[in-house]
There are 2 protein chains.
Amino acid sequence: MIPPAPVGTPAAPDSDRCDVRHADPTRLAARRASLLPADAVVSLAETFKLLGDATRVRILDALSHGELCVCEIAALVDLSESAVSHQLRLLRGLRLVRPRRAGRLAYYTLDDQHIMSLFQQGLRHVQEPGNVESTS
Amino acid sequence: MIPPAPVGTPAAPDSDRCDVRHADPTRLAARRASLLPADAVVSLAETFKLLGDATRVRILDALSHGELCVCEIAALVDLSESAVSHQLRLLRGLRLVRPRRAGRLAYYTLDDQHIMSLFQQGLRHVQEPGNVESTS
DNA sequence: TGAACATATGAGCAGATGTTCATATGTCAT
DNA sequence: ATGACATATGAACATCTGCTCATATGTTCA
(Lines give C-alpha, C1' and ligand atoms only; values in the text may rest on other atoms or scores of the structure.)
Protein backbone atom coordinates (compact mmCIF):
# COMPACT_ATOMS: atom_id res chain seq x y z
CA MET A 1 0.00 0.00 0.00
CA ILE A 2 2.66 2.49 1.09
CA PRO A 3 4.95 3.54 -1.76
CA PRO A 4 8.75 3.31 -1.40
CA ALA A 5 9.57 6.02 1.15
CA PRO A 6 10.25 9.31 -0.67
CA VAL A 7 13.98 9.91 -0.93
CA GLY A 8 15.44 12.69 1.14
CA THR A 9 12.85 12.49 3.88
CA PRO A 10 14.95 11.92 6.98
CA ALA A 11 12.53 9.91 9.09
CA ALA A 12 10.01 12.47 10.30
CA PRO A 13 8.69 11.08 13.60
CA ASP A 14 5.56 13.26 13.48
CA SER A 15 2.20 11.89 12.46
CA ASP A 16 1.25 15.32 11.25
CA ARG A 17 2.97 17.14 8.50
CA CYS A 18 3.13 20.88 8.02
CA ASP A 19 1.50 21.96 11.25
CA VAL A 20 4.69 21.25 13.13
CA ARG A 21 6.29 23.92 11.02
CA HIS A 22 4.14 27.00 10.76
CA ALA A 23 1.28 26.41 13.13
CA ASP A 24 1.36 25.76 16.79
CA PRO A 25 0.48 22.16 17.62
CA THR A 26 -1.61 23.18 20.59
CA ARG A 27 -4.10 24.90 18.33
CA LEU A 28 -4.51 21.82 16.20
CA ALA A 29 -4.78 19.56 19.21
CA ALA A 30 -7.61 21.70 20.50
CA ARG A 31 -9.32 21.56 17.13
CA ARG A 32 -8.91 17.84 16.97
CA ALA A 33 -10.62 17.48 20.30
CA SER A 34 -13.70 19.36 19.15
CA LEU A 35 -14.22 17.33 16.00
CA LEU A 36 -17.32 15.20 15.62
CA PRO A 37 -16.81 11.56 16.57
CA ALA A 38 -16.08 9.28 13.61
CA ASP A 39 -19.37 7.39 13.76
CA ALA A 40 -21.36 10.61 13.76
CA VAL A 41 -19.44 11.77 10.71
CA VAL A 42 -20.13 8.53 8.88
CA SER A 43 -23.84 8.51 9.75
CA LEU A 44 -24.17 12.12 8.74
CA ALA A 45 -22.43 11.50 5.42
CA GLU A 46 -24.56 8.43 4.76
CA THR A 47 -27.73 10.40 5.30
CA PHE A 48 -26.66 13.30 3.12
CA LYS A 49 -25.43 10.95 0.43
CA LEU A 50 -28.87 9.42 0.27
CA LEU A 51 -30.34 12.88 -0.19
CA GLY A 52 -27.71 13.68 -2.81
CA ASP A 53 -29.49 12.26 -5.81
CA ALA A 54 -32.10 14.02 -7.90
CA THR A 55 -34.26 10.91 -8.23
CA ARG A 56 -34.41 10.37 -4.49
CA VAL A 57 -35.02 14.05 -3.84
CA ARG A 58 -37.94 13.89 -6.24
CA ILE A 59 -39.31 10.81 -4.52
CA LEU A 60 -39.08 12.36 -1.08
CA ASP A 61 -40.53 15.61 -2.34
CA ALA A 62 -43.45 13.72 -3.87
CA LEU A 63 -44.04 11.90 -0.59
CA SER A 64 -43.92 15.14 1.38
CA HIS A 65 -47.54 15.79 0.52
CA GLY A 66 -48.79 12.39 1.62
CA GLU A 67 -48.41 8.72 0.93
CA LEU A 68 -48.15 7.27 -2.56
CA CYS A 69 -47.89 3.77 -3.98
CA VAL A 70 -44.84 2.70 -5.94
CA CYS A 71 -46.37 3.06 -9.38
CA GLU A 72 -47.71 6.50 -8.55
CA ILE A 73 -44.24 7.56 -7.52
CA ALA A 74 -42.85 6.07 -10.71
CA ALA A 75 -45.37 8.07 -12.71
CA LEU A 76 -44.58 11.27 -10.85
CA VAL A 77 -40.82 11.03 -11.17
CA ASP A 78 -41.08 9.51 -14.65
CA LEU A 79 -38.96 6.45 -13.98
CA SER A 80 -39.43 2.71 -14.19
CA GLU A 81 -41.14 1.07 -11.24
CA SER A 82 -38.10 -1.12 -10.83
CA ALA A 83 -35.76 1.84 -10.52
CA VAL A 84 -38.11 3.44 -8.01
CA SER A 85 -38.32 0.25 -6.02
CA HIS A 86 -34.55 0.07 -5.82
CA GLN A 87 -34.36 3.64 -4.56
CA LEU A 88 -37.14 3.06 -2.05
CA ARG A 89 -35.13 0.20 -0.68
CA LEU A 90 -32.23 2.52 0.02
CA LEU A 91 -34.52 5.10 1.57
CA ARG A 92 -36.11 2.39 3.70
CA GLY A 93 -32.66 1.32 4.80
CA LEU A 94 -32.02 4.64 6.47
CA ARG A 95 -35.62 4.88 7.67
CA LEU A 96 -36.42 7.88 5.55
CA VAL A 97 -39.56 6.23 4.22
CA ARG A 98 -41.88 3.53 5.51
CA PRO A 99 -44.10 1.17 3.50
CA ARG A 100 -47.68 0.20 4.21
CA ARG A 101 -48.99 -2.78 2.30
CA ALA A 102 -52.53 -2.67 0.98
CA GLY A 103 -53.22 -5.74 -1.06
CA ARG A 104 -50.75 -5.78 -3.88
CA LEU A 105 -50.01 -2.11 -3.53
CA ALA A 106 -47.29 -0.70 -1.31
CA TYR A 107 -47.92 2.80 -0.05
CA TYR A 108 -44.90 4.74 1.10
CA THR A 109 -44.75 7.58 3.60
CA LEU A 110 -41.98 9.80 4.93
CA ASP A 111 -40.75 8.22 8.15
CA ASP A 112 -38.95 11.20 9.62
CA GLN A 113 -40.14 14.74 9.82
CA HIS A 114 -36.55 15.95 10.11
CA ILE A 115 -36.12 15.22 6.43
CA MET A 116 -38.45 17.98 5.38
CA SER A 117 -36.67 20.41 7.67
CA LEU A 118 -33.48 19.33 5.97
CA PHE A 119 -35.05 20.11 2.62
CA GLN A 120 -36.20 23.52 3.76
CA GLN A 121 -32.77 24.29 5.12
CA GLY A 122 -31.13 23.05 1.94
CA LEU A 123 -33.40 25.15 -0.22
CA ARG A 124 -32.51 28.14 1.88
CA HIS A 125 -28.86 27.57 1.00
CA VAL A 126 -29.60 27.02 -2.67
CA GLN A 127 -31.70 30.15 -2.86
CA GLU A 128 -29.02 32.23 -1.15
CA PRO A 129 -28.11 35.02 -3.60
CA GLY A 130 -25.13 33.86 -5.60
CA ASN A 131 -25.45 30.19 -4.82
CA VAL A 132 -27.12 29.24 -8.08
CA GLU A 133 -25.59 28.27 -11.40
CA SER A 134 -27.06 31.32 -13.07
CA THR A 135 -24.67 33.67 -11.36
CA SER A 136 -24.44 36.71 -13.58
CA MET B 1 -32.57 4.65 -26.50
CA ILE B 2 -36.15 3.36 -26.40
CA PRO B 3 -36.38 -0.43 -26.68
CA PRO B 4 -38.62 -2.03 -29.33
CA ALA B 5 -42.14 -1.26 -28.08
CA PRO B 6 -43.29 -4.06 -25.75
CA VAL B 7 -45.58 -6.41 -27.64
CA GLY B 8 -49.20 -6.51 -26.63
CA THR B 9 -49.31 -2.93 -25.41
CA PRO B 10 -52.06 -1.45 -27.55
CA ALA B 11 -50.88 2.12 -27.85
CA ALA B 12 -51.65 3.60 -24.45
CA PRO B 13 -52.18 7.32 -25.10
CA ASP B 14 -51.40 8.22 -21.49
CA SER B 15 -48.08 9.57 -20.35
CA ASP B 16 -48.66 7.93 -17.01
CA ARG B 17 -48.81 4.26 -16.42
CA CYS B 18 -50.62 2.51 -13.62
CA ASP B 19 -52.37 5.53 -12.12
CA VAL B 20 -54.93 5.41 -14.90
CA ARG B 21 -55.94 2.05 -13.54
CA HIS B 22 -56.23 2.10 -9.78
CA ALA B 23 -55.80 5.71 -8.81
CA ASP B 24 -57.68 8.73 -9.90
CA PRO B 25 -55.68 10.90 -12.28
CA THR B 26 -56.85 14.08 -10.65
CA ARG B 27 -55.02 13.19 -7.50
CA LEU B 28 -51.76 12.66 -9.35
CA ALA B 29 -52.21 15.82 -11.36
CA ALA B 30 -52.56 17.77 -8.13
CA ARG B 31 -49.47 16.10 -6.73
CA ARG B 32 -47.53 16.85 -9.85
CA ALA B 33 -48.41 20.51 -9.56
CA SER B 34 -47.03 20.74 -6.04
CA LEU B 35 -43.68 19.16 -6.85
CA LEU B 36 -40.51 21.19 -6.55
CA PRO B 37 -39.36 22.70 -9.83
CA ALA B 38 -36.69 20.67 -11.61
CA ASP B 39 -33.88 23.16 -11.08
CA ALA B 40 -34.57 23.32 -7.36
CA VAL B 41 -34.44 19.54 -7.19
CA VAL B 42 -31.13 19.46 -9.00
CA SER B 43 -29.58 22.20 -6.87
CA LEU B 44 -30.80 20.53 -3.73
CA ALA B 45 -29.40 17.17 -4.78
CA GLU B 46 -26.09 18.76 -5.75
CA THR B 47 -25.78 20.36 -2.36
CA PHE B 48 -26.65 17.22 -0.45
CA LYS B 49 -24.36 15.14 -2.61
CA LEU B 50 -21.51 17.41 -1.66
CA LEU B 51 -22.34 16.85 1.99
CA GLY B 52 -22.65 13.13 1.41
CA ASP B 53 -19.03 12.22 1.83
CA ALA B 54 -17.25 11.53 5.09
CA THR B 55 -14.12 13.40 4.05
CA ARG B 56 -16.02 16.54 3.17
CA VAL B 57 -18.13 16.31 6.31
CA ARG B 58 -14.92 16.15 8.32
CA ILE B 59 -13.49 19.15 6.50
CA LEU B 60 -16.60 21.23 7.07
CA ASP B 61 -16.80 20.12 10.66
CA ALA B 62 -13.18 21.13 11.18
CA LEU B 63 -13.87 24.52 9.67
CA SER B 64 -16.94 25.02 11.82
CA HIS B 65 -14.72 26.21 14.66
CA GLY B 66 -12.83 28.76 12.62
CA GLU B 67 -10.60 29.11 9.61
CA LEU B 68 -7.78 26.68 8.83
CA CYS B 69 -5.14 26.48 6.13
CA VAL B 70 -5.03 23.57 3.73
CA CYS B 71 -2.25 21.68 5.43
CA GLU B 72 -3.90 22.05 8.80
CA ILE B 73 -7.07 20.58 7.38
CA ALA B 74 -5.05 17.78 5.83
CA ALA B 75 -3.51 17.04 9.21
CA LEU B 76 -6.87 17.11 10.98
CA VAL B 77 -8.64 14.81 8.56
CA ASP B 78 -5.51 12.71 8.03
CA LEU B 79 -5.44 12.94 4.26
CA SER B 80 -2.99 14.13 1.63
CA GLU B 81 -2.97 17.86 0.96
CA SER B 82 -3.71 17.10 -2.66
CA ALA B 83 -6.84 15.17 -1.79
CA VAL B 84 -7.93 17.96 0.52
CA SER B 85 -7.30 20.55 -2.15
CA HIS B 86 -9.43 18.62 -4.60
CA GLN B 87 -12.28 18.46 -2.10
CA LEU B 88 -11.94 22.13 -1.24
CA ARG B 89 -12.33 22.91 -4.89
CA LEU B 90 -15.67 21.14 -4.96
CA LEU B 91 -16.77 22.87 -1.77
CA ARG B 92 -15.69 26.21 -3.22
CA GLY B 93 -17.70 25.44 -6.34
CA LEU B 94 -20.93 25.39 -4.38
CA ARG B 95 -19.77 28.27 -2.15
CA LEU B 96 -19.68 26.19 0.97
CA VAL B 97 -16.20 27.42 1.81
CA ARG B 98 -14.23 30.52 0.93
CA PRO B 99 -10.44 30.91 0.72
CA ARG B 100 -8.34 33.75 2.06
CA ARG B 101 -4.78 33.89 0.79
CA ALA B 102 -2.04 34.84 3.21
CA GLY B 103 1.29 34.55 1.52
CA ARG B 104 1.66 31.01 0.37
CA LEU B 105 -0.98 29.77 2.76
CA ALA B 106 -4.65 29.54 1.91
CA TYR B 107 -7.01 29.82 4.84
CA TYR B 108 -10.48 28.45 4.34
CA THR B 109 -13.68 29.45 6.10
CA LEU B 110 -17.26 28.28 5.96
CA ASP B 111 -19.06 30.52 3.51
CA ASP B 112 -22.63 29.78 4.50
CA GLN B 113 -24.06 29.56 7.96
CA HIS B 114 -26.89 27.39 6.65
CA ILE B 115 -24.46 24.52 6.37
CA MET B 116 -24.05 24.21 10.09
CA SER B 117 -27.81 24.27 10.56
CA LEU B 118 -27.95 21.48 8.02
CA PHE B 119 -25.44 19.53 10.08
CA GLN B 120 -27.41 20.06 13.27
CA GLN B 121 -30.58 18.96 11.55
CA GLY B 122 -28.85 15.95 10.05
CA LEU B 123 -27.45 14.92 13.40
CA ARG B 124 -30.91 15.17 14.85
CA HIS B 125 -32.07 12.61 12.28
CA VAL B 126 -29.12 10.33 12.87
CA GLN B 127 -29.60 10.43 16.60
CA GLU B 128 -33.30 9.65 16.29
CA PRO B 129 -33.88 6.42 18.25
CA GLY B 130 -33.63 3.55 15.80
CA ASN B 131 -31.83 5.41 13.06
CA VAL B 132 -28.39 4.08 13.83
CA GLU B 133 -26.70 0.91 12.60
CA SER B 134 -26.58 -0.47 16.12
CA THR B 135 -30.29 -1.17 16.16
CA SER B 136 -30.77 -3.98 18.64
C1' DT C 1 18.07 34.10 -9.02
C1' DG C 2 17.27 29.68 -7.08
C1' DA C 3 15.70 26.38 -3.65
C1' DA C 4 12.09 25.13 -0.54
C1' DC C 5 7.45 25.42 0.27
C1' DA C 6 1.99 25.71 0.03
C1' DT C 7 -1.45 25.03 -2.91
C1' DA C 8 -3.83 23.81 -7.29
C1' DT C 9 -4.86 20.82 -10.96
C1' DG C 10 -4.89 17.14 -14.71
C1' DA C 11 -4.55 12.21 -15.69
C1' DG C 12 -5.38 7.69 -14.37
C1' DC C 13 -7.37 4.11 -11.78
C1' DA C 14 -10.12 1.28 -8.39
C1' DG C 15 -14.34 1.20 -6.30
C1' DA C 16 -19.08 2.97 -5.78
C1' DT C 17 -23.61 4.25 -7.89
C1' DG C 18 -27.97 4.16 -10.64
C1' DT C 19 -30.36 2.24 -14.26
C1' DT C 20 -32.12 -1.64 -17.05
C1' DC C 21 -33.36 -6.37 -17.78
C1' DA C 22 -34.82 -10.73 -16.15
C1' DT C 23 -36.97 -12.97 -12.74
C1' DA C 24 -39.07 -13.97 -8.12
C1' DT C 25 -42.78 -13.29 -4.71
C1' DG C 26 -47.23 -12.39 -3.33
C1' DT C 27 -52.12 -10.66 -4.39
C1' DC C 28 -56.49 -10.30 -6.84
C1' DA C 29 -60.01 -11.77 -10.16
C1' DT C 30 -61.82 -15.21 -12.94
C1' DA D 1 -55.75 -23.14 -10.37
C1' DT D 2 -54.51 -19.63 -13.80
C1' DG D 3 -53.39 -15.23 -15.60
C1' DA D 4 -52.77 -10.38 -14.84
C1' DC D 5 -50.79 -7.32 -11.82
C1' DA D 6 -47.78 -4.63 -8.14
C1' DT D 7 -43.67 -4.87 -6.12
C1' DA D 8 -38.99 -6.62 -4.95
C1' DT D 9 -34.50 -8.09 -6.05
C1' DG D 10 -30.15 -9.90 -8.33
C1' DA D 11 -26.99 -9.42 -12.15
C1' DA D 12 -24.85 -6.73 -15.54
C1' DC D 13 -23.23 -2.52 -17.26
C1' DA D 14 -22.05 2.29 -18.08
C1' DT D 15 -21.03 6.23 -15.53
C1' DC D 16 -19.43 8.79 -11.68
C1' DT D 17 -16.33 9.57 -7.55
C1' DG D 18 -12.39 10.19 -4.75
C1' DC D 19 -7.93 9.05 -4.25
C1' DT D 20 -2.84 9.08 -5.78
C1' DC D 21 0.86 10.63 -8.55
C1' DA D 22 3.05 13.97 -11.35
C1' DT D 23 3.38 18.50 -12.32
C1' DA D 24 2.26 23.56 -12.56
C1' DT D 25 1.74 28.04 -10.26
C1' DG D 26 2.85 31.38 -7.09
C1' DT D 27 5.28 32.79 -2.57
C1' DT D 28 9.14 33.32 0.71
C1' DC D 29 13.76 33.40 2.00
C1' DA D 30 18.63 33.10 1.23
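Each chain gets a letter, A, B and so on, in the order its sequence line appears, and its residues count up from 1. Keep in mind that this is a model prediction, so the values were computed, not measured.
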Find the distance [X]:[atom1] to [N]:[atom2] and express it as a whole number of Å.
| X | N | atom1 | atom2 | answer |
| --- | --- | --- | --- | --- |
| A:L91 | C:dT17 | CG | P | 14 Å |
| B:E81 | D:dT20 | CD | P | 12 Å |
| B:L94 | D:dT17 | CG | P | 12 Å |
| B:R92 | C:dA8 | CZ | C1' | 8 Å |
| B:L105 | D:dC29 | CG | P | 11 Å |
| B:R100 | D:dT27 | CZ | C1' | 15 Å |
| B:Y108 | C:dA8 | OH | P | 4 Å |
| A:E46 | C:dA16 | CD | P | 13 Å |

Ignoring backbone atoms, test whether [X] places a side-chain nitrogen or oxygen under 4.0 Å from the OP1 or OP2 oxygen of [N].
| X | N | result |
| --- | --- | --- |
| B:R104 | C:dA8 | no |
| A:R101 | C:dC28 | no |
| B:K49 | D:dT17 | yes |

Tell me which residues in residues 53-64 of chain B put a heavy atom below 4.0 Å from DNA chain C, sorted by number, or none.
->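 Nothing qualifies; none.
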
Side chains of B:I59 and B:Q87: closer than 4.5 Å at any heavy-atom pair?
-> yes

Do the non-hydrogen side-chain atoms of A:Y107 and A:R101 ever get within less than 4.5 Å of each other?
->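 A:Y107 does not reach A:R101 side chain to side chain.
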
N/O donor-acceptor pair under 3.5 Å between A:R56 side chain and A:L51 backbone =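 Pair absent, no side-chain N/O of A:R56 close to backbone of A:L51.
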
Output yes when a side-chain donor or acceptor of A:S85 lies under 3.5 Å from a complementary backbone atom of A:S82, and no otherwise.
-> no

When hydrophobic residues are tied together by side-chain contacts of less than 4.5 Å, even through go-betweens, does A:V42 share a cluster with B:V126?
->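 Shared cluster, no.
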
Looking at DNA chain D, which of residues 82-90 of chain A put a heavy atom within less than 4.0 Å of it?
-> A:S82, A:S85, A:H86, A:R89

Tell which nucleotide pairs with D:dA30, taking only Watson-Crick or G-U wobble pairs whose two distances are both under 3.5 angstrom.
->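 Across all strands, the one nucleotide that pairs with D:dA30 is C:dT1.
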
Give the C-alpha distance, both sets of side-chain angles, the deciding distance and a yes or no for salt bridge (Lys or Arg N to Asp or Glu O under 4.0 Å) between B:R27 and A:E72.
-> CA-CA 10 Å; B:R27 182 161 156 252; A:E72 287 175 320; 2.8 Å; yes

Calculate, to the nearest 0.5 Å, the distance between atoms NE2 and CZ belonging to B:H125 and A:F48 respectively.
->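 It is 10.0 Å, given to the nearest 0.5 Å.
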
